[in-house]
Amino acid sequence: MSAESPNPNPAPEPTASEHAAVRLEKLHKIEALGIDPWGGRFDGHQPIGTIRELEALPFDDTKPDANPKVIAAGRIVQRRDQGKLFFLDIWDHTGRVQVMLGQKQIGDLGWQLANLLDLGDLIGVEGAFGKTRRGELSIRATKLTILSKSLEPHPTVHFGMEDIEYRLRHRYLDLVHSPDTLTRAKQRVKIIRTMRNYLDGLDFMEVETPTLHAIAGGAAARPFETHHNALDIPLFLRIALELHLKRLLVGGMEKVYEIGRVFRNEGISHKHNPEFTMMELYQAYGDYRSMMDLTEGLIVACVDAIGGGRVRPWADKTVDYSPPFQRARYADLVKEHAGCDMHDPAAVIEAAKKFHLPTAGKEHDVIVNSLFEHCVEDKLVGPVFVHDYPAAICPLTKRQRGDARMAERFELYVHGMELANAYTELNDPLTQEETFKRQLVGMKDEDSMAKMDHDFIRAQRHGMPPAGGLGIGIDRLVMLLTNTQTIRDVILFPLLRPE
RNA sequence: GGAGGCGUAGCUCAGUCGGUAGAGCAACGGACUUUUAAUCCGUUGGUCCUGGGUUCGAGUCCCAGCGCCUCCA
């Protein structure tokens, strides 16, 4: 980093609180005992969830070895001192368990260490597992190891993590203290893994394509700009995976997919994060109808994978993911909700005016689409495949054989959210070149779905197979399946303005 | 981009009409070897988001800014 451009995102200053000072002092006291407060390798511990599954036995003080020995590691989340006996609750991502630290049981040095432990410290314990007199599953520690000292105070168990901003800026604490956050993170992993397994089972090949693009195409979005120093060229972070995956179709990869991050330099909302995860797949010799079947199977597999049935809650409503999903023609929906024939220019303009939508200087299909967005989208409960889109807003899509005004495309909607987008891929480089040019005329870059990409056209000119293509927004899928109304809670570290 | 809401102790929150900055938990000191939101006694802890303004006096009212949230485009 050059001297002229200091780090624009400096980390916030460490807390200069009294709490931090007290903990630092304890750290030094631990060091004075000859103990490394930062721990090290710690072998043999089991997940706490697994330990809890052991059959619980009553303690028998006369035979301390009678109960099974366990080793656990976790974060101290609660502490109840009882004179010369401390009860600690330690937590790991699989559960929580009580630990008993007795002065007699853990020895002199162990007891001195025990007195220097705080909420938030990571410890390892070894001891017999059983129940207390009150019936609480506990590890009666005979050995105590500190694995890491926390120099900052942690939220208390029963009054923590209410403030949304605090949770987002301290996601590591949120994971510990908000069970839903950890559960969602695990469900997200499961959904993505299910998707991979499903596609791998269909002989799709997973690939990785570049994130840095010379031309950011494949979607209508403003890209992030960057610069490569050695080549001295501008580069853009990708806004879609599409154009490289299609090049691979030309290369003979007949079934190909990628799950990866895309970046769009746009506003932030409960449905939008500037970087998000897309799954895109392409299947040679398929079309948008075969994509519908695949989409349905894929989504149902994900629904089944996280359990809880196919009728799932969404806010105060529900969504039924039982196949087959409903199908509806775009034109019929426009007719039903906007009250006009989408192929009748005069009727479309009249309808647009009725809903106070701008029409000046806009192409017919663009007006139709704004009618769709304004009148139809919110009413789509779904899951519903909306199919056969106006061609002009689909520059990468093959036109219908009998009606060039329409494109072979569908989107899958659930409660007004676009969950999937698919089409019969345009593989005719001559038409492709035209639609790229046509999109460019009188349109701002960020509004255009297509930017002239000569390298892509050249690839297509070498013979791209007819194909079906599908894109699924992973974040929105996870939102829907985990009943999470904001994208910030399905992304562990959503973008926030630096403090 | 527009409108509204919120911002007070480490955390969760009160704070009346503008009149000494509060509680619970956490922390600190003490008692306690079967507690479990342990209990009991005592103590500490504040840039009231920031900067202006009005006022004898501002957490409170006004203006501007920052951050987050919600809704709208």
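Throughout, protein chains are lettered first and strands after them, A, B, ... in sequence-line order, and every chain is numbered starting at 1.
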Taking the six-membered ring for Trp and the single ring otherwise, decide whether the centroids of A:Phe410 and A:Tyr423 are under 6.0 Å apart.
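When the ring centroids of A:Phe410 and A:Tyr423 are compared, they turn out to be at least 6.0 Å apart.
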
If you measure from the [atom1] atom in [N] to the same atom in [M], how many Å do you get, rounded?
N: B:rU16; M: B:rG4; atom1: C1'; result: 25 Å
N: B:rG57; M: B:rA73; atom1: P; result: 47 Å
N: B:rU54; M: B:rU43; atom1: P; result: 42 Å
N: B:rG51; M: B:rG19; atom1: P; result: 22 Å
N: B:rU60; M: B:rC49; atom1: P; result: 8 Å
N: B:rC48; M: B:rG1; atom1: P; result: 30 Å
N: B:rC13; M: B:rC17; atom1: C1'; result: 23 Å
N: B:rG29; M: B:rU34; atom1: C1'; result: 25 Å

Considering Watson-Crick and G-U wobble pairs with both distances under 3.5 Å, what does [N] pair with?
N: B:rU54; answer: none
N: B:rG46; answer: none
N: B:rG24; answer: B:rC11
N: B:rU60; answer: none
N: B:rC17; answer: none
N: B:rC6; answer: B:rG67
N: B:rU33; answer: none

Please report the distance, rounded to the nearest Å, between [atom1] in [X] and [atom2] in [N].
X: A:Glu152; N: B:rA26; atom1: CD; atom2: C1'; answer: 14 Å
X: A:Leu119; N: B:rA38; atom1: CG; atom2: P; answer: 10 Å
X: A:Leu173; N: B:rA26; atom1: CG; atom2: P; answer: 17 Å
X: A:Lys271; N: B:rA73; atom1: NZ; atom2: P; answer: 11 Å
X: A:Lys84; N: B:rU33; atom1: NZ; atom2: C1'; answer: 8 Å
X: A:Asp378; N: B:rC72; atom1: CG; atom2: C1'; answer: 12 Å
X: A:Asn115; N: B:rA27; atom1: CG; atom2: P; answer: 13 Å
X: A:Gln98; N: B:rU33; atom1: CD; atom2: C1'; answer: 13 Å

Specify the closest pair of heavy atoms between A:Met452 and A:Ile215, including all atoms of both residues, with the distance to one decimal.
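Residues A:Met452 and A:Ile215, closest heavy atoms: O-CD1, 3.5 Å.
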
So [X], base contact, sugar-phosphate only, or nothing? Heavy-atom distance under 4.0 Å.
X: A:Asp81; value: base
X: A:Arg169; value: sugar-phosphate
X: A:Phe86; value: nothing
X: A:Gln78; value: sugar-phosphate

Does A:Arg488 make a side-chain N or O approach to OP1 or OP2 of B:rC69 shorter than 4.0 Å?
yes

N or O in side chain of A:Lys26 less than 4.0 angstrom from B:rC28 OP1/OP2
yes

[X] side-chain N/O to [Y] backbone N/O, donor-acceptor pair under 3.5 Å:
X: A:Arg23; Y: A:Ser150; value: yes
X: A:Asp475; Y: A:Thr277; value: yes
X: A:Asp92; Y: A:Ile48; value: yes
X: A:Thr486; Y: A:Arg488; value: yes

Among [options], which is the nearest nucleotide to the side chain of [X]?
X: A:Arg140; options: B:rG10, B:rU34, B:rG45; value: B:rU34
X: A:Glu162; options: B:rC13, B:rC71, B:rG10; value: B:rC13
X: A:Leu496; options: B:rU34, B:rC68, B:rU44; value: B:rC68
X: A:His270; options: B:rC28, B:rU34, B:rC71; value: B:rC71
X: A:Arg133; options: B:rU34, B:rC11, B:rU36; value: B:rU34
X: A:Ile164; options: B:rC69, B:rA38, B:rC13; value: B:rC69

Output yes when A:Lys335 and A:Asp341 qualify as a salt bridge under the 4.0 Å nitrogen-oxygen rule, no when they do not.
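Result for this pair is no, no salt bridge flagged.
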
Between A:Tyr166 and A:Gly102, whichever has its closest RNA chain B nucleotide further toward 5' is A:Tyr166

Starting at the 5' end of RNA chain B, which residue's closest nucleotide do you reach first, A:Phe87 or A:His374?
A:Phe87

Using salt bridge (Lys or Arg N to Asp or Glu O under 4.0 Å) as the criterion, point out the one residue from A:Arg79, A:Arg75, A:Arg80 that pairs with A:Asp89.
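Testing A:Asp89 for a salt bridge (Lys or Arg N to Asp or Glu O under 4.0 Å) against A:Arg79, A:Arg75, A:Arg80 leaves exactly one candidate, A:Arg80.
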
